[in-house]
Enquirer: 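Input: one structure, supplied below.
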Amino acid sequence: MSAGQAAPVADLRSDTLTRPSEGMRRAMAYADVGDDVYAEDPTVNALEARVAEMFGHEAGLFCPSGTMTNMLGVAASVPRGTELLAESRAHVLRAEVGGHAALAGVTSRTWISPDGTLDADAAMSLAERANGYNQVGTAAITVENTHNFSGGRVAALDELRRLRTLTAERGIRVHMDGARVANAVVASGCSFADQGECVDSLSLCMSKGLGAPVGSVLTGDAELIGEARYLRKRYGGGMRQAGILAAAGHYALEHNVDRLAEDHARAHLIAARVAEAVPGTCDPDIVETNIAFLSTAALTVDAAEFAELAAARGVRITPLGEQACRLVTHLDVDDAAAGSAARILAELAERTAA
Ligand SMILES: *Cc1c(COP(=O)(O)O)cnc(C)c1O
């Protein structure tokens, strides 16, 4: 270890940082495989069917990333030049490097949800019909559940249902960016099928809290998934003996769903300890899942400086903007690590309090 660098305590930058466990690696090594571009990989086929069934959808499509499943889900519902509506901090628009516009010709407008919760009326207030040669029509709305950049907020099921009813009346499709929908399900006690019922397409990441190294599954009806399968090849996402990767997804669904509750409890504990040290830095009441935000507004340092101080003590967090750091708990952060991280972050907040 070089001088001035602390021993690693907890890497809270993201839940993508988990490494596959011994059991998961074993499942991957011995997976049954075939050529998935020929739809002949039994492990991939089984994972696609399994995830589709979980959500009550007809079909599934295994892809290398959640960016790709979002791309394909949106592209299958939004014809070139028509419109997708999203919340202003949606991953689809903020963290997919413009792919929907650059590759699929999707135009977009955003509603703003200051606290990241879903308001069906705010979404619908932007919806427009195509109008002659002049105005673009809204083809789809995307909902992120949980909402990453607003602190892992859960979309309320009754709002999702209301959005479903309102969009159906207007012939507008709904795509769920459900990268962390398993966290939403575990936190709220609803079912995967409840989520699936509210949307036309849904993207689930295996590589977030579920702990797989690679992979996301898109679900929807057979026609939508057929179109997505065609576009997946066009975008260069056709994989061959991908059962090696899909096996990690099966393992994740068998072992790592219910345990997400532990991640939620640890994120809440960290936020509560920091809030206790310096009120206003964290709000444990809005930590519903595995993501917490720490505001540096009441501190003498900005978010980047605070993250640097934390890193020097072995706790890695992500500055997002000038005054907010994001902390994410996951499979590789146990109770001891979460406790130490909480203590260190609370001490730093106290030390830098204005
Ligand atoms: C991680 C994530 C994705 C997918 O990102 P990849 O890096 O492509 O796996 C999509 N949506 C949200 C909300 C995410 O957090």
Side-chain angles (χ1 to χ4, degrees), residues 11-20 47 51 61-75 84-100 102-104 106 108 110 113 116-118 140-155 160 174-187 195 199 201-219 228 231-232 235-237 239 242 245-246 248-249 252 256 260 263-264 267 288-293 317-318 320 324 326-331:
D11 196 337
L12 303 174
R13 287 172 302 161
S14 177
D15 48 7
T16 56
L17 293 160
T18 56
R19 295 188 173 86
L47 183 66
V51 177
L61 183 69
F62 186 57
C63 291
S65 71
T67 297
M68 184 174 275
T69 41
N70 278 338
M71 281 285 310
L72 299 179
V74 169
L84 174 75
L85 304 178
E87 200 285 320
S88 63
R89 286 171 294 177
H91 193 280
V92 161
L93 298 185
R94 295 293 307 134
E96 296 178 7
V97 290
H100 299 268
L103 303 176
V106 170
S108 53
T110 54
S113 164
T117 55
L118 175 63
I141 291 178
T142 183
V143 175
E144 191 171 309
N145 197 17
T146 65
H147 195 306
N148 180 350
F149 294 141
S150 17
R153 297 307 296 267
V154 175
L160 282 169
V174 181
H175 170 76
M176 181 180 287
D177 177 354
R180 296 186 183 80
V181 72
N183 296 81
V185 164
V186 168
Q195 301 288 315
V199 301
S201 56
L202 192 151
S203 154
L204 168 70
C205 286
M206 299 296 171
S207 59
K208 297 285 166 75
L210 296 179
V214 180
S216 291
V217 178
L218 178 72
T219 65
L231 291 172
R232 182 184 68 170
Y235 292 153
M239 298 185 286
L245 304 175
N256 295 343
L260 291 171
D263 297 344
H264 301 171
E288 297 178 290
T289 60
N290 68 327
I291 302 177
F293 271 89
I317 58 181
T318 305
L320 281 178
R326 190 188 67 169
L327 334 175
V328 189
T329 54
H330 53 76
L331 200 52

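We count ligands from 1, going down the list as the structure has it; atoms in each ligand are counted the same way.
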Enquirer: Which residue in the set E144, E87, H147 passes side-chain contact (heavy atoms from CB on, under 4.5 Å) when paired with D177?
Expert: E144

Enquirer: Should L218 and R232 count as side-chain neighbours, where that means a heavy-atom distance under 4.5 Å?
Expert: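 No. Closest side-chain heavy atoms not under 4.5 Å.
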
Enquirer: Could you pull out all residues at least two apart from T16 that satisfy side-chain hydrogen bond (donor to acceptor under 3.5 Å, both in side chains)?
Expert: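 Per chain and number, T16 pairs via side-chain hydrogen bond (donor to acceptor under 3.5 Å, both in side chains) with S14.
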
Enquirer: Let me know which of D263, T146, D15 forms a side-chain hydrogen bond (donor to acceptor under 3.5 Å, both in side chains) with N290.
Expert: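 Only match with N290 under side-chain hydrogen bond (donor to acceptor under 3.5 Å, both in side chains): D15.
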
Enquirer: Calculate, to the nearest 0.5 Å, the distance between atoms CD1 and NZ belonging to I291 and K208 respectively.
Expert: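 Atom-to-atom, I291:CD1 and K208:NZ are 8.5 Å apart.
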
Enquirer: Could you give the N/O to N/O pairs under 3.5 Å linking ligand 1 and the protein, each with its distance?
Expert:
{"from": "ligand 1", "atom 1": "8 (O)", "to": "G66", "atom 2": "N", "distance (Å)": "3.4"}
{"from": "ligand 1", "atom 1": "8 (O)", "to": "T67", "atom 2": "N", "distance (Å)": "2.8"}
{"from": "ligand 1", "atom 1": "8 (O)", "to": "T67", "atom 2": "OG1", "distance (Å)": "2.6"}
{"from": "ligand 1", "atom 1": "9 (O)", "to": "G66", "atom 2": "N", "distance (Å)": "3.4"}
{"from": "ligand 1", "atom 1": "11 (N)", "to": "H91", "atom 2": "ND1", "distance (Å)": "3.4"}
{"from": "ligand 1", "atom 1": "11 (N)", "to": "D177", "atom 2": "OD1", "distance (Å)": "3.0"}
{"from": "ligand 1", "atom 1": "11 (N)", "to": "D177", "atom 2": "OD2", "distance (Å)": "2.6"}
{"from": "ligand 1", "atom 1": "15 (O)", "to": "N148", "atom 2": "ND2", "distance (Å)": "3.0"}
{"from": "ligand 1", "atom 1": "15 (O)", "to": "R180", "atom 2": "NH1", "distance (Å)": "2.8"}
{"from": "ligand 1", "atom 1": "15 (O)", "to": "K208", "atom 2": "NZ", "distance (Å)": "2.9"}

Enquirer: Below 4.5 Å, heavy atoms only, C-beta onward: do V199 and V143 meet side chain to side chain?
Expert: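 No, every pair of side-chain atoms sits at 4.5 Å or beyond.
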
